Protein chains: 2
Amino acid sequence: MAKQPTIYDVAKLAGVSPATVSRVLNSPSMVNPEKRKRIMEAIESLKFTPKADAVAKARQQFKRIGVIAPFFTEPSFMERLKGISSVLSSQHYELVVYAVQSTEELDGYVDMLVSSKRVDGLISLCMHLDQTTVNKLQSSDLPVCCVEKDLTGFDAVIVHNQEGGAMAAKALYEKGCHNPGFIGEASTRSYAAHSTEERLEGFSNFFKEKGIELEPSHYWLGENNNEISTQGILKMLDSPNRPDCIFASSDTLAIRTIKCAGQLGLTVPDDLAVIGFDDIEMAEYVDLTTINQGLEESGVLAAEMMLQRLKHPDQPVRKSLIALKLSERGSTAVQT
Amino acid sequence: MAKQPTIYDVAKLAGVSPATVSRVLNSPSMVNPEKRKRIMEAIESLKFTPKADAVAKARQQFKRIGVIAPFFTEPSFMERLKGISSVLSSQHYELVVYAVQSTEELDGYVDMLVSSKRVDGLISLCMHLDQTTVNKLQSSDLPVCCVEKDLTGFDAVIVHNQEGGAMAAKALYEKGCHNPGFIGEASTRSYAAHSTEERLEGFSNFFKEKGIELEPSHYWLGENNNEISTQGILKMLDSPNRPDCIFASSDTLAIRTIKCAGQLGLTVPDDLAVIGFDDIEMAEYVDLTTINQGLEESGVLAAEMMLQRLKHPDQPVRKSLIALKLSERGSTAVQT
DNA sequence: TCTCCTCCTGAAACTGCTTTCATGTAACTA
DNA sequence: TAGTTACATGAAAGCAGTTTCAGGAGGAGA
């Protein structure tokens with residue numbers, strides 16, 4: 001296991017100073033062509049590659065972006081991450097994932113990132129940060145970009161959840177559904193952004209304007225866990241007064257709803273129309289109508305904003321709005 | 001934006017040397033209690049936190065594990081990643097994700113990781129590495145742990161794909177299916193490990209032993225892409241001589257198969273039994289029988305092996321075998 | 001009282017590259 | 001020919017800690 005060559009070894013071999021070798025690597029035009037050639041040969045023969053962390057240290061830059069997320073709970077995170085990853089890797093930035101599973105962990109990560117700098121910037125995916133944490137971030141010089149949850153003073157990619165709820169309502173209403181139901185994940189984890197309530201608001205407001213109130217037994221907010229939510233859904237659907245359509249706040253819940261409907265002998269979309277939110281890949285496989293929120297695109301956007309911010313630290317804060325659109329599929333097909 | 005304090009500032013304030021401050025942080029028992037108290041106060045008052053990258057540099061250790069994967073193509077990667085992440089974060093290791101989308105990118109990452117050390121170890125998820133790359137890794141001192149694809153000289157988490165294929169075959173055979181079909185992703189991406197062929201082998205061998213040969217029109221190997229695979233599946237199923245069961249090499253393909261069956265008016269499991277491979281979370285939602293390969297567990301295992309390896313670099317190479325098991329659900333329920 | 005030992009502590013080396021600053025040289029201009 | 005300019009280059013500082021090594025102080029035992 002021979003020790004890896006350093007820039008000093010190259011310099012010695014080529015008979016120049018390390019500074020000149022560094023220049024050959026970073027701004028070759030500054031170095032005399034002959035000497036440059038000699039240095040290049042030395043680099044080749046020693047198979048020298050600059051150690052990335054040494055470069056980072058000297059340059060005070062890491063080429064590394066952190067992503068903090070209440071992770072691994074929903075496929076939607078994965079798709080956002082995919083977008084982020086594609087942009088970062090094309091710019092030779094590394095992606096470090098901080099999966100948050102508790103408020104303490106979140107605080108720990110933020111403290112660590114703020115004080116013991118390891119990343120150039122932080123993308124916060126669907127996190128709900130409390131004021132103390134926000135203050136910490138704001139008084140640090142760590143660039144932050146939020147996705148889904150807007151935060152004063154930081155770049156953000158915003159999803160207009162109310163509008164999405166209204167879109168779902170409109171689609172169902174126009175299909176002839178007038179007895180709506182709602183299934184959503186309750187905000188149990190305080191560190192995660194919760195869009196459920198906003199989506200419900202948009203949804204129920206639309207129907208209210210049409211003179212239709214959501215019946216109390218027609219919405220369910222609970223844990224996004226297979227057994228618990230299945231019970232809740234079955235209870236809502238297994239009643240003579242069941243809704244004729246369901247808007248679920250995520251595609252996973254929507255898919256579970258379809259499954260429950262099947263168990264009860266209800267056919268989708270005839271007995272029950274179902275509409276989800278997210279448009280994860282799986283939605284297409286199971287023929288689910290859903291609100292597309294450009295998951296991958298939002299990741300791309302966030303990463304691009306972050307890289308822009310790093311280039312121009314002083315440019316004004318930017319907010320990007322994601323355009324929602326309805327992906328119509330079988331679960332809301334015209335009733336036969 | 002005041003400059004962050006360094007260990008030197010603390011040392012000056014406390015009237016000691018930086019070495020002593022470092023000792024207070026890392027092995028407090030070595031320092032005289034009085035002096036220790038004084039230093040602690042200095043640390044408090046300056047709000048000093050050691051910069052992680054400086055520590056890493058001095059210690060020659062990064063507390064950072066890289067994961068290289070043909071990523072974001074299958075939910076199964078996500079679940080493995082979840083397992084890896086949970087172990088690493090509990091040990092305060094960072095997780096850096098390198099998503100590979102082409103052979104060149106793979107080579108680039110490997111070169112970079114080998115020469116310009118940025119991680120303590122590398123977990124290779126379902127990657128197929130060519131011999132040149134393997135050699136590079138072997139002659140470096142970077143610890144590597146492979147998942148799914150075994151590699152001589154490295155720790156590995158191994159999935160016995162043939163056995164899984166045979167398990168699927170056995171389950172279907174015992175349900176009374178004697179006209180099997182197979183749907184699998186073809187090995188188009190040379191940088192990704194391809195287990196499809198092994199699963200097919202185990203599957204068809206089982207039936208062969210029972211005197212049943214897979215008909216040529218009853219297996220399809222193609223791109224795991226919605227349209228292309230849907231066409232292939234429809235073609236296979238829309239024929240009087242269609243199979244009475246399908247083993248799909250991944251759950252996503254299995255779910256698509258169920259969808260196609262529905263389109264053709266076939267009911268699952270009565271007209272067509274379907275069994276998948278992976279047992280991703282979604283499998284439960286859509287009631288798919290599948291071969292569970294402990295995805296999250298395999299991630300946990302890989303991460304643990306890696307941390308062990310870092311502690312004991314010279315221990316012999318270890319191979320862990322994942323126990324497969326059948327997750328029986330609705331798509332192979334007893335025929336009524 | 002001398003020697004040995006233990007416990008602390010600071011100096012200095014080490015990690016590996018970038019970048020500024022100062023200097024030297026050669027070419028060009030007045 | 002002297003002065004100016006442009007270009008090329010090396011020395012050295014800086015990044016921020018850890019760790020080894022040597023030595024001083026003080027206590028215990030002979």
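The model shown is predicted, which means the values in this text are computed figures rather than measured ones. Chain naming here is simple, since letters A, B, ... match the order of the sequence lines and numbering starts at 1 in each.
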Which of the following nucleotides, C:dG16, C:dT20, D:dG17, is nearest to the side chain of A:Y8? C:dG16
With distance as the sole criterion, is a donor-acceptor pair present between the side chains of A:D130 and A:T133 under 3.5 Å? yes
Can you measure B:K12 atom NZ to C:dA11 atom P for me and round it to whole angstrom units? 13 Å
Under-4.0 Å salt bridge between B:D111 and B:K136: yes
A:Q61 CD - C:dT18 C1' separation (whole Å): 12 Å
Compare the minimum distances between each of D:dG10, C:dC17, C:dT15 and the side chain of A:S17, then state the nucleotide with the smallest one. D:dG10
Quick check on B:K37: does its NZ atom have over 12 non-hydrogen neighbours (other residues, nucleotides or ligands) under 6.0 Å away? no
Using a cut-off of strictly less than 4.0 Å, decide whether B:T20 has a side-chain nitrogen or oxygen near OP1 or OP2 of C:dG10. yes
I want to verify a distance call: between D:dT18, C:dG16, D:dG10, whose nearest atom is closest to the B:A58 side chain? D:dT18
Atom CZ of A:R59 and atom C1' of C:dT20: how far apart are they, to the nearest Å? 15 Å
Taking atom types as modelled and ignoring hydrogens, do the side chains of A:E94 and B:Y98 form a donor-acceptor contact shorter than 3.5 angstrom? yes
Can you tell me how far C1' of C:dT15 sits from NZ of B:K117, to the nearest Å? 13 Å
Where the side chain of A:S22 is defined as all heavy atoms beyond and including C-beta, which of C:dT18, C:dA11, D:dT18 is the nearest nucleotide? C:dT18
Taking the nucleotide of DNA chain C with the nearest heavy atom to each, does B:S29 or B:K57 sit closer to the 5' end? B:S29
Identify, residue by residue, the members of residues 30-55 of chain B with a heavy atom below 4.0 Å from DNA chain C, and return them in order of residue number, or none. B:V31, B:N32, B:K35
Does A:R38 come within less than 4.0 Å of A:E34, counting only side-chain N to carboxylate O? no
Which residues pass the side-chain hydrogen bond (donor to acceptor under 3.5 Å, both in side chains) test with A:S76, sequence neighbours left out? none
Of the listed nucleotides (C:dG16, C:dG10, D:dC15), which one gets closest to any side-chain atom of A:Q60? D:dC15
Taken to the nearest whole Å, CD1/B:I7 to P/C:dA11 is 14 Å
DNA chain C: 5'-proximal contact among A:P18 and B:G15 (nearest heavy atom): B:G15
When you check the gap from the basic side-chain N to the acidic O, do A:K82 and A:E281 get nearer than 4.0 Å? yes
Heavy atoms under 4.0 Å, any strand shown: does B:V16 hit a base, just sugar-phosphate, or nothing? sugar-phosphate
Quick one: the side chain of B:R23 and the base of C:dG10, do they pair up donor-acceptor inside 3.5 Å? yes
